[in-house]
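Read the structure below first, then the notes.
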Amino acid sequence: MIWPSHAPANYQCPFCDFASGQFRFQKNLCRAEDLVASTDLAMAWIASHGFEPEPGHVLVGPKEHFELLYDMPDDVLAEIASLSRDVAVAMKKAWQPDGITTRQHNEPAGSQHVWHYHQHVLPRWHDDGLYFTPQRPIVDPAIRARKAAELRAVLAQR
């Protein structure tokens with residue numbers, strides 16, 4: 001790691017826990033059913049927290065722990081970019097949003113809250129007020145599982 005970590009001491013990374021499939025950390029809100037797609041280097045899953053009006057967007061991140069964009073190897077970053085595009089196309093086909101937003105945050109001042117790199121892929125609708133709406137608490141796991149299954153079905157058609 002080139003850059004200093006912002007993770008607290010003894011950080012239990014929820015996304016590493018998710019990638020391992022072991023779900024050892026009690027506070028991890030990720031569930032196996034959230035998985036949308038997986039490659040050798042990257043994974044995509046329905047986020048445990050949503051933004052109005054859509055209860056669930058997708059996070060795409062590396063299987064290996066990298067905290068920041070700054071440290072990301074090119075091959076991993078390319079895999080995340082390709083998977084983000086595939087998820088965006090699947091969203092368009094599955095949910096017919098008016099558009100797609102992708103965003104990624106680094107460090108506390110950049111609004112990063114989980115210390116494992118991840119790209120957000122969000123379905124968007126005209127006048128959805130995304131940037132004026134607070135993040136919702138927790139999306140019900142059953143809704144996340146349904147959303148992940150919808151995207152898996154579209155991605156399987158490629």
Side-chain angles (χ1 to χ4, degrees), residues 3 6-7 13-19 28-39 41-158:
W3 306 91
H6 297 282
C13 180
F15 299 164
C16 286
D17 194 37
F18 180 69
N28 189 353
L29 299 175
C30 298
R31 303 288 183 266
E33 297 80 16
D34 297 340
L35 185 67
V36 171
S38 181
T39 68
L41 300 174
M43 56 191 178
W45 65 101
I46 296 290
S48 61
H49 291 74
F51 293 90
E52 294 289 355
E54 186 59 42
H57 63 286
V58 173
L59 301 179
V60 181
K63 288 182 173 178
E64 184 179 345
H65 187 84
F66 295 98
E67 182 176 326
L68 303 164
L69 174 66
Y70 322 137
D71 296 324
M72 190 69 59
D74 290 345
D75 59 338
V76 177
L77 191 58
E79 190 98 357
I80 290 167
S82 294
L83 187 54
S84 295
R85 179 206 51 224
D86 293 348
V87 166
V89 170
M91 281 181 177
K92 287 292 287 179
K93 290 179 179 179
W95 303 332
Q96 295 86 44
D98 297 322
I100 301 289
T101 290
T102 60
R103 64 188 195 188
Q104 193 275 320
H105 308 276
N106 292 280
E107 304 179 275
S111 295
Q112 185 177 9
H113 298 101
V114 177
W115 310 116
H116 184 117
Y117 177 95
H118 55 286
Q119 173 82 31
H120 296 258
V121 183
L122 300 105
R124 299 295 306 277
W125 285 267
H126 294 293
D127 301 319
D128 65 14
L130 174 66
Y131 293 108
F132 304 104
T133 302
Q135 190 176 33
R136 290 170 38 156
I138 297 173
V139 176
D140 183 275
I143 292 173
R144 297 188 337 238
R146 177 176 51 83
K147 293 286 192 180
E150 291 168 356
L151 293 179
R152 281 194 302 268
V154 172
L155 287 169
Q157 298 171 5
R158 296 188 284 133

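Keep in mind the model is a prediction, meaning the values are calculated, not measured. In what follows, every heavy atom counts, from backbone to side chain, and hydrogens, waters and symmetry copies are set aside. We're numbering straight along the sequence, starting at 1.
Within the 3.5 Å criterion, the main-chain N or O of Thr102 finds no donor-acceptor partner in the side chain of His57. In terms of modelled atom types and a separation under 3.5 Å, the side chain of Gln96 and the main chain of Lys93 share a donor-acceptor contact. Without hydrogens or angle criteria, Glu67 side chain to Trp3 main chain gives no donor-acceptor distance under 3.5 Å. A donor-acceptor pair is defined here as one N or O able to donate and one able to accept, closer than 3.5 Å; such a pair exists between the side chain of Asn106 and the backbone of Leu69. With Glu79 contributing its side chain and Ala81 its backbone, the two residues share no donor-acceptor pair below 3.5 Å. Using modelled atom types, no side-chain atom of Lys147 and backbone atom of Ala47 make a donor-acceptor pair closer than 3.5 Å.
Within 6.0 Å of the CG atom in Asp127, the count of heavy atoms belonging to other residues, nucleotides or ligands does not exceed 12.
Counting all heavy atoms, side chain and backbone alike, Ala44 lies closest to Val60 at CB-CG2, 3.9 Å. Arg144 approaches Ser48 most closely through the heavy-atom pair CD-CA, 3.6 Å. Closest heavy-atom contact between Ala42 and Lys63: O-CE, 3.5 Å. Across all non-hydrogen atoms, the minimal contact from Tyr117 to Leu68 is CD1-C, 4.0 Å. For Leu83 against Ala37, the heavy-atom pair with the smallest separation is CD1-CB, 3.9 Å. Counting all heavy atoms, side chain and backbone alike, Arg152 lies closest to Ala145 at NH2-O, 4.4 Å.
Residues Glu64 and Leu41 are not in side-chain contact: their nearest non-hydrogen atoms beyond the backbone lie 4.5 Å or more apart. Taking the side chain as every heavy atom from C-beta outward, Val87 and Ile100 never approach each other to under 4.5 Å. Side-chain contact between Trp115 and Pro108 is present, with heavy atoms from C-beta onward closer than 4.5 Å. Looking at heavy atoms from C-beta onward, Glu33 lies out of side-chain contact with Pro141 at the 4.5 angstrom threshold.
In this structure, CD1 in Ile80 is found 11.5 Å from CG in Leu59, a value given to the nearest 0.5 Å. The structure places CG of Leu151 at 10.5 Å from CZ of Arg146, a figure rounded to the nearest 0.5 Å. In this structure, CG on Leu122 lies 9.0 Å from CG on Asp128, to the nearest 0.5 angstrom. Interatomic distance, CG of Leu77 versus CG of Asp71, reported as 11.5 Å (0.5 Å rounding). Interatomic distance, Asp34 CG to Met43 CE, rounded to the nearest 0.5 Å: 11.0 Å. Atom CE of Met91 is separated from atom CZ of Arg124 by 11.5 Å, given to the nearest 0.5 angstrom.
Side-chain N/O atoms of Gln119 and Ser84 include no donor and acceptor closer than 3.5 Å.
Proximity of the aromatic rings of His105 and His113 is defined here by a centroid distance below 6.0 angstrom, and this criterion is not met.
The aromatic rings of Phe18 and Trp45 lie tilted to each other, with the angle between the two planes from 30° to 60°.
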